[in-house]
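Keep in mind that what you see is a predicted model, and the values were worked out from it rather than measured. Chain naming here is simple, since letters A, B, ... match the order of the sequence lines and numbering starts at 1 in each.
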Amino acid sequence: MTRSYDPHAIEEKWQAAWDAAGLYSVSEDASKPKKYVLEMFPYPSGDIHMGHVRNYSIGDVVARYFTMRGMSVLHPIGWDAFGLPAENAAIKSNSHPGTWTYANIEKQTASFKRMGFSYDWSRKVVTCDEDYYRWGQWIFIKFWERGLVERKSSPVNWCPSCKTVLANEQVVGDGVCWRCKSVVHKRELEQYFLKITEYAQELLDDLDELPGWPDRVKAMQANWIGRSEGAEVDFTLCDESGEPSDRTITVFTTRPDTLFGCSFFLLAPEHPLVREFVAGTEYEAAVMDVVKAAEMESAIDRSSADKVKRGAFTGRYVINPVNGEKVPIWVSDYVLMEYGTGAVMAVPSGDQRDFDFARTYGLPIPPVVLADEDPLLAELADVRERVMHEVPWETAFAGDGVMVQSGEFTGMRGGKASEGMQAVTDWLAARGQGRSSINFRLRDWLISRQRYWGNPIPAIHCPVCGLVPVPEDQLPVVLPTNVDVTKGETLADHPEFYETTCPTCGGAARRETDTMDTFTCSSWYYLRYCDARNDAAIWDTDKTDYWMPVDQYIGGIEHAILHLLYSRFFTKVFRDMGLVTFAEPFTNLLTQGMVKLDGATMSKSRGNVVAPEEIIAKYGADTLRAYILFMAPPDKDLEWSNDGLDGMWRFLGRAWRYIAEVAEESASGAASVADATDPASKLLRRERHRVVGKVSDDVERFQFNTALSAMMELLNTAMDYRREVPADQRDTALERDVAETLTLLLAPYVPHMAEELWLEVFGKPESVHLESWPAWDPAAAASDEVEYPVQVNGKVRDRLTIAASASEDAVREAALALPKIVENIEGKTVRKVLVVPGKLVSIVVG
RNA sequence: GCCCGGGUGGCGGAACAGGCAGACGCGCCGGUCUCAAAAACCGGUGGCCGAAAGGUCGUGCGGGUUCGAUUCCCGCCCCGGGCACCA
């Protein structure tokens, strides 16, 4: 008697067997095409959640599929193990971040094995292991040698809850910390930066080289990099009488064509010249009010667009280079020190912010670029001198138009990328008072963190030699284990760590006590997987050449900018160092949607969690894997519901029963009709080929939901066949083929069940996961008869079943002869009869 | 404001290149089995009209192209996401 499907009796058995056999270990194999399938490695947060189940199930199906297609597949796993949650947890539980981290890694390892994922465990990397983070320090030193490390003072993001600084990318939403969602403040601090801005243009350009990335992610990165074309313009400082000094202030503008409309000049409150200008003057009090107010504000308030712009006159002036006009310098909080030069030429007629400011403080608003349909154009079309100082508008005009009141440029086209813009820039350049310029919104990456559980920055502060790198042969700087975070300690509390000698002069020096942003650890782990156990080098370039780039990367959309931008940057630097031979690390990217419950992301703090372990305990891992893939296409958000689990359970139970029955029957050599040609056998044979083709196509475009539904269709057809065709008339060879094929198709989705069927029920000698993907013949999937819907004026009135080989004329005639069609076209003129071969017949009558 | 997605039955979703809208599954309804229930299995299931045959409406809204539009074009609405006082 056939056993029924019992996942609890088989899953752990096969997990142990695969582990013991090292079934998923791979090495470079020049005889096969390679595939590198990678899911973003997890932070060891404790229990796995549904987001993990989804992410890693997707990757597992893809990896297993490519393996069955005969590829050499690298499918590794590891842990992004440095980071703040470990410190917070250690403080809470009065232990050590390392203890917590390694315990969680163990727990998650068990969970991943319980899910049956096909990882090559021999390549595991854990970023807080010394043999991993030492290479992170090595990278830092190499970046330093290339001039890509800078320690500088600047206004930086401070998270008061994490008690550390953050990179710009790590401030999300309305100015909150990406990790803890606290409101971030600006502080002036000296910190370490990696000069990602040196690669801004390439990071932007190469997005076009990534057709395998979602447009959404590329748009987000392009947005973030924020390239603006324009010009720098030098304004000369002058005194009240207009007498020029020898000092200039440079601004960046995207609209040099509007320069004649500059009626005031602005400095950011943090601009170093502000204090100098107003010290001891009658303007000092008002200006310093603006400066102080800006300092007090959080990043959110400061950048809120609908806020009233605060400002004050400094008592100073600059000269507008195009018309020699004396322009007053104001201070305003809407000018940002971090962007451009911290100084702005204000053109209120062409910029809404300047417009608002001018209206608030009664400053002139001379028009310089007019829309083609603007009534003012009649009056000003040929006016070169400034005769109008105020516009009758309620908003600024920032579009393309005609330049007026603009000296020799009057009459030219103005606007972004306009002739006027180029002409003014050229004019300035010829006089040395300006030049074309490109500005990026992207800032350098702030990587130092004032926390313990991270990779120590390998630098030494020497009172004589300044800041010096730790020499390569003294790496790694080992993270000491005796730091007690429960007492709020960091490396700065441990003299035995920071007291050292200068590697250059040998004098007493202080070791850096900041650690690196965890995103530095995750920016190169995918390369280390290629050669994870290498003690002598970060990796062997032959190995990265074989495996890289990652063919399929899979992870959450939340890293659209963060991790994915940083990794692209690292890869480009490694290329420039000669460490790799490609410029982009991830050829194809799949950003899987979030798993939600009641419309919100599942999270422990919200208390809306469905634990994967509970589902596994009831249904087994295979049902969970298949179900989460069946619920929705992988890139869409998924609203979790237990309701469909029973459906997947029933499907697997039915598939088991069908396959087991057929296997036993064919083993017992029951009666058979060979190559049966009755309609039911022909249908089943067609379905077998159609479904293999469909499932293959679907996995390649990640439509796991429709792949599974196609398998259900095949099973439905196969079971109908068994029910409807008497036993002695069945084509048992065909049934056996269908049962084996179904097992192979199921293998990537439900690896335990497929393995049990393959080895124990069919009695095959070798694991199903080493089998070849079933072949299919598109010709065998085609029917020898087709059914044409026949439309009359766009409405289906009847159906015509006819031989697939029938000519168009034959189809047309047969369609027109159908009784219902005759009825419908009676008394009308047939104007047109369209036959779309294999699709439909469309008759137009009038 | 700018830039990306998305809107299809009671629900999750399908329709790959303009060709039968709603595959597959859930749920629901009816049935078989059972003393009964659960499980399992079989059948039905977009709305409206109709006893049925059949008709008719229907993919966010309004137009357009086409023999034919969920699909292409134009103009909107709504939802989600990114950027945003970036000069």
Answer yes or no: does a side-chain N or O of [X] lie under 4.0 Å from OP1 or OP2 of [N]?
X: A/Arg799; N: B/C20; result: no
X: A/Arg723; N: B/C42; result: yes
X: A/Arg657; N: B/C41; result: yes
X: A/Arg353; N: B/A84; result: no

Quick one: label [X] by what it contacts on the DNA or RNA (base, sugar-phosphate, nothing), any heavy atom closer than 4.0 Å.
X: A/Gly340; result: nothing
X: A/Arg831; result: nothing
X: A/Arg227; result: nothing

List, with names and distances, any nitrogen or oxygen atoms from the protein found under 3.5 Å away from nitrogen or oxygen atoms belonging to nucleotides 66-68 of chain B.
| from | atom 1 | to | atom 2 | distance (Å) |
| --- | --- | --- | --- | --- |
| B/C67 | OP1 | A/Lys832 | NZ | 3.3 |
| B/C67 | O2 | A/Ser842 | OG | 2.7 |

What pairs meet the salt bridge (Lys or Arg N to Asp or Glu O under 4.0 Å) rule with one or both residues in residues 433-445 of chain A, with sequence neighbours excluded? A/Lys152-A/Asp444, A/Glu232-A/Arg435, A/Asp234-A/Arg435
With sequence neighbours excluded, residues passing side chain to side chain contact (heavy atoms under 4.5 Å, CB included) with A/Thr801: A/Glu785, A/Glu787
Minimum heavy-atom separation for A/Thr197 to A/Leu442, with atom names?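 Smallest heavy-atom distance, with atoms named: CG2-O, 3.3 Å.
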Between A/Cys262 and A/Asn320, what is the shortest heavy-atom contact and its length? CB-ND2, 3.8 Å
Distance between the [atom1] atoms of [N] and [M], in whole angstroms?
N: B/G25; M: B/G80; atom1: P; answer: 33 Å
N: B/G62; M: B/C78; atom1: C1'; answer: 15 Å
N: B/C73; M: B/A17; atom1: P; answer: 14 Å
N: B/G75; M: B/A23; atom1: C1'; answer: 34 Å
N: B/G30; M: B/U65; atom1: C1'; answer: 47 Å
N: B/G9; M: B/G58; atom1: C1'; answer: 10 Å
N: B/U8; M: B/A15; atom1: C1'; answer: 10 Å
N: B/A69; M: B/U59; atom1: C1'; answer: 11 Å

Any side-chain to backbone donor/acceptor pair from A/Thr623 onto A/Gly620? Under 3.5 Å, distance only. no
Stem finding on RNA chain B, please: runs of three or more consecutive Watson-Crick or G-U wobble pairs, both distances under 3.5 Å, sorted by first number. B:1-7 with B:77-83, B:10-12 with B:24-26, B:27-32 with B:40-45, B:46-49 with B:54-57, B:60-64 with B:72-76
Closest-nucleotide 5' rank along RNA chain B - winner of A/Val841 and A/Phe440: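 Result of the comparison: A/Val841.
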Ranking A/Ile561 and A/Val217 by the position along RNA chain B of their nearest nucleotide, the one closer to 5' is A/Val217
Base orientation of B/G9, syn vs anti, 90° cut from 0: syn
Please work out whether B/A15 sits syn or anti, treating a glycosidic angle within 90° of 0 as syn.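 That one's anti.
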Just how far, in rounded Å, is [atom2] of [N] from [atom1] of [X]?
X: A/Asn223; N: B/G1; atom1: CG; atom2: C1'; result: 13 Å
X: A/Leu652; N: B/C24; atom1: CG; atom2: P; result: 17 Å
X: A/Arg650; N: B/A39; atom1: CZ; atom2: C1'; result: 10 Å
X: A/Lys309; N: B/A87; atom1: NZ; atom2: P; result: 14 Å
X: A/Arg443; N: B/C83; atom1: CZ; atom2: P; result: 15 Å
X: A/Glu687; N: B/A23; atom1: CD; atom2: P; result: 15 Å

Lys/Arg-Asp/Glu bridge criterion (N-O < 4.0 Å) met for A/Asp809, A/Arg812: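 Salt bridge between A/Asp809 and A/Arg812, a charged N being under 4.0 Å from a carboxylate O: yes.
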Lys/Arg-Asp/Glu bridge criterion (N-O < 4.0 Å) met for A/Lys186, A/Glu338: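 Yes, charged N to carboxylate O under 4.0 Å.
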Heavy-atom check, side chain of [X] versus side chain of [Y], under 4.5 Å:
X: A/Asp720; Y: A/Val725; value: no
X: A/Leu714; Y: A/Leu742; value: yes
X: A/Trp330; Y: A/Val290; value: no

Side chain of [X] - closest among [options]:
X: A/Tyr339; options: B/C26, B/C85, B/C86; value: B/C86
X: A/Leu336; options: B/A87, B/C26, B/G82; value: B/A87
X: A/Val335; options: B/A87, B/C4, B/C85; value: B/A87

Which residues share a salt bridge (Lys or Arg N to Asp or Glu O under 4.0 Å) with [X], sequence neighbours left out:
X: A/Glu713; value: A/Arg690
X: A/Arg179; value: none
X: A/Arg227; value: A/Glu229

Ring of A/Phe357, cation from A/Lys309 - is the NZ or CZ under 6.0 Å from the centre and inside 45° of the axis?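 No, A/Lys309 and A/Phe357 do not form such a contact.
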Do any pairs count as a side chain to side chain donor-acceptor pair (under 3.5 Å) and have a residue in residues 645-655 of chain A, sequence neighbours left out, and if so which ones?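 Qualifying pairs: A/Tyr619-A/Asp646, A/Arg654-A/Asn716.
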Annotated protein contacts, base or backbone, on nucleotides 52-57 of chain B with a non-hydrogen cut-off under 4.0 Å, one of B, S, - each: --SSSS
Using a 4.0 Å cut-off on protein heavy atoms (strictly under), produce a 5'-to-3' string for nucleotides 6-18 of chain B with B for base contact, S for backbone-only sugar-phosphate contact, and - for none. ------BSSSB--
Within the 6.0 Å centroid threshold, strictly below: A/Trp656 and A/Phe651: no
With a 6.0 Å cut-off on ring centres, are A/Tyr566 and A/Trp445 close enough? yes
Atom pairs and distances, side-chain donor-acceptor, residues 830-846 of chain A, under 3.5 Å, sequence neighbours left out:
none

Take atom NZ of A/Lys618 as the centre, draw a 6.0 Å sphere, and report whether it contains more than 12 heavy atoms from other residues, nucleotides or ligands.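 Result for NZ/A/Lys618: open.
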Can you pull out the residues from residues 708-720 of chain A that lie within a 4.0 Å heavy-atom distance of RNA chain B? A/Ser709, A/Met712, A/Glu713, A/Asn716
